[in-house]
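Read the structure below first, then the notes.
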Amino acid sequence: MSTNLPAPEQALVGAVSGDELLRHTATLAQWVRLSGSEEEARAFDYVAETCRDYGMRVERYAVDALVSWPGPATLEVLGPESRTFPCITHAFALSTPAGGIEGEVVDSEGGASDLRGKIVLSDGLANPGKGMAAEDAGVLAQININDDYVHEMIITPIWGTPTPHTASLLPKLVSISVNAADGAELRRLAAGGDLRARITAEVDTRWRKIPVLTAELGAREDRYVMFSGHIDSWHLGAMDNGTANATMLEVGRLLAERRGELRRGLHLAFWSGHSHARYAGSAWYADQFWADLHQHCVGHVNVDSVGGIGATILSEGNAMAETVGFGGRAIREIAGQELEYKRFGRAGDQSFNGIGLPALFMSLSGQPAKGGAVEEQMARLLGTGGRSRSGGLGWWWHTTEDTMDKIDRDFLVRDATIYALTLWRLCTETIL
């Protein structure tokens with residue numbers, strides 16, 4: 001960490017509290033925070049109460065959104081060897097009829113040319129691009145072969161709540177995922193030919209009210225910085241996105257204690273609908289408050305999944321061309337690494353590009369690259385085109401294993417310090 005920071009920045013950096021970060025994370029990670037659920041509402045209650053305690057002005061909204069919660073799924077091989085395989089289904093995938101669907105299983109990686117009406121084995125995580133390609137090929141169902149753990153995903157390509165112009169893009173595909181070992185066994189069985197399987201899947205897709213919450217600190221100028229992250233989670237979501245929400249609260253505390261020194265205000269924005277409605281909360285906020293954002297917001301900083309164990313790579317965080325130098329300063333000074341520029345990926349509640357907001361960060365720290373489905377997915381999200389030193393957010397990302405034991409206190413303090421220093425500068429420096 002640099003010792004050449006000005007005294008106010010040294011004081012800020014020294015005040016970042018690991019105890020507070022872990023306390024907030026543990027509180028939020030006691031709840032399974034599905035978008036629009038009662039447990040997610042409790043997490044929003046906690047955030048609102050904490051921000052009010054810091055003296056921030058809190059606004060909470062109830063937003064209509066099309067939300068999709070994956071339910072139970074089964075995969076049964078009917079012949080020539082009858083057996084069942086554990087599996088999960090995905091947000092916005094089709095539900096099957098009660099009795100399931102049956103079909104021939106073929107391997108899309110094995111040279112099968114006619115996939116129409118077939119159940120298709122496919123490498124990697126479920127995602128919108130794969131799903132749309134499968135639909136175009138007339139696939140009956142897609143079995144995604146993951147790594148050692150199966151990962152929750154969302155397969156709709158629609159950003160935010162569907163409109164009459166985009167509703168036709170809602171998925172029309174049964175999509176499930178299995179782990180690598182079971183995928184290899186399915187491949188072995190399919191290679192013999194005449195493999196048939198039955199899939200059942202339940203996906204609860206319906207209109208729900210989801211919360212959006214802002215907590216605001218005013219300043220001398222009638223302008224502000226927006227610092228955002230989603231509260232909804234897959235399972236307990238200690239890293240994704242408990243540590244990020246804890247970082248937002250800690251930055252709110254630190255800047256609230258220094259509000260008299262702020263030139264620009266700070267708006268914390270907590271989203272629902274990230275994981276189960278394809279960024280519906282932030283998309284709604286962009287639509288609802290576009291004029292205020294255009295006129296008064298000087299930039300958007302996002303935080304997602306910080307402080308994970310083994311997260312030693314900080315050179316591949318997201319930044320726009322006009323923000324990479326600014327964000328890179330704090331990374332260099334706190335972590336001693338250089339932020340490399342690449343085009344900002346289309347992910348992570350970046351709903352504000354059309355308004356013209358400069359954007360900075362999303363996933364700040366990642367695991368060293370080791371290969372596999374999660375790493376490939378992260379490369380797509382981070383815009384690296386598969387060329388990356390970072391392997392993404394850990395094998396536990398989007399699984400039941402995203403729990404408090406996956407958090408490294410020192411790395412969480414490091415990441416939160418980078419955010420605190422970045423937000424402080426955005427709110428105080430004379431010229432950006």
Side-chain angles (χ1 to χ4, degrees), residues 1-6 9-10 12-16 18 21 227 229 239-241 243-244 246-248 250-251 254 299-345 347-348 350 358-372 374-397 406-426 429 432:
M1 182 181 299
S2 174
T3 58
N4 299 319
L5 299 176
E9 293 186 351
Q10 288 281 12
L12 177 83
V13 166
V16 175
L21 288 164
F227 184 25
M239 183 188 74
D240 186 8
N241 210 24
T243 53
T247 296
M248 295 172 70
E250 182 65 355
V251 170
L254 293 169
H300 173 217
V301 180
N302 186 258
V303 59
D304 200 309
S305 303
V306 289
I309 56 175
T312 59
I313 308 297
L314 290 95
S315 59
E316 298 188 351
N318 304 82
M320 286 184 172
E322 64 265 44
T323 61
V324 63
F326 187 94
R329 285 169 55 197
I331 292 175
R332 183 185 314 113
E333 291 160 344
I334 302 302
Q337 298 186 39
E338 294 294 329
L339 179 61
E340 299 178 4
Y341 173 68
K342 52 190 170 295
R343 187 177 182 186
F344 213 129
Q350 297 299 329
L360 180 62
F361 298 153
M362 183 180 66
S363 299
L364 178 68
S365 58
Q367 308 284 317
K370 296 179 181 178
V374 172
E375 183 176 328
E376 293 170 4
Q377 182 70 18
M378 287 298 105
R380 281 192 290 270
L381 292 178
L382 296 176
T384 62
R387 299 176 298 279
S388 176
R389 286 191 298 277
S390 172
L393 300 176
W395 58 263
W396 58 88
W397 175 75
K406 308 309 185 302
I407 308 307
D408 184 299
R409 178 193 176 100
D410 291 340
F411 287 170
L412 178 54
V413 170
R414 175 203 64 192
D415 292 352
T417 301
I418 291 170
Y419 273 102
L421 189 54
T422 299
L423 269 298
W424 169 259
R425 289 169 172 171
L426 285 169
E429 291 193 351
L432 300 180

Intermediate values then yes/no, side-chain contact (heavy atoms from CB on, under 4.5 Å), L12 and L5: CA-CA 10 Å; L12 177 83; L5 299 176; over 6 Å; no
side-chain contact (heavy atoms from CB on, under 4.5 Å) partners for I309, two or more places apart: W396, K406, D408
For A321, side-chain contact (heavy atoms from CB on, under 4.5 Å) partners two or more places apart: Y341
Minimum heavy-atom distance between A359 and T323, given as atom pair plus value: O-OG1, 2.7 Å
Residues which pass ring pair (Phe, Tyr, Trp, His ring centres under 6.0 Å) with F227, listed by chain and number, not counting sequence neighbours: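 For F227 the ring pair (Phe, Tyr, Trp, His ring centres under 6.0 Å) partners, ignoring immediate neighbours, are Y419.
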Pairs satisfying ring-ring contact (aromatic ring centres under 6.0 Å, His included), at least one member in residues 300-338, at least two apart: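 Residue pairs passing ring-ring contact (aromatic ring centres under 6.0 Å, His included), neighbours aside: H300-F352.
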Test item: T422 side-chain N/O and G327 main-chain N/O as donor-acceptor pair under 3.5 Å: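 Checked: no pair found.
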Heavy-atom donor-acceptor pair, E250 side chain to V413 backbone, under 3.5 Å: no
Side chain to side chain donor-acceptor pair (under 3.5 Å) involving R425 - partner list, sequence neighbours excluded: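 R425 satisfies side chain to side chain donor-acceptor pair (under 3.5 Å) with E9, E333 once adjacent residues are dropped.
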All side chain to side chain donor-acceptor pair (under 3.5 Å) counterparts of E322, not counting sequence neighbours: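 Testing E322 for side chain to side chain donor-acceptor pair (under 3.5 Å), a comparison that skips the adjacent residues, returns none.
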Chi angles and distances behind the side-chain contact (heavy atoms from CB on, under 4.5 Å) call for M320, L360: CA-CA 6 Å; M320 286 184 172; L360 180 62; over 6 Å; no
Decide yes or no for [X] and [Y]: does some side-chain heavy atom of the first lie under 4.5 Å from some side-chain heavy atom of the second?
X	Y	result
T243	F411	no
S315	E338	no
L254	V16	yes
I331	L364	yes

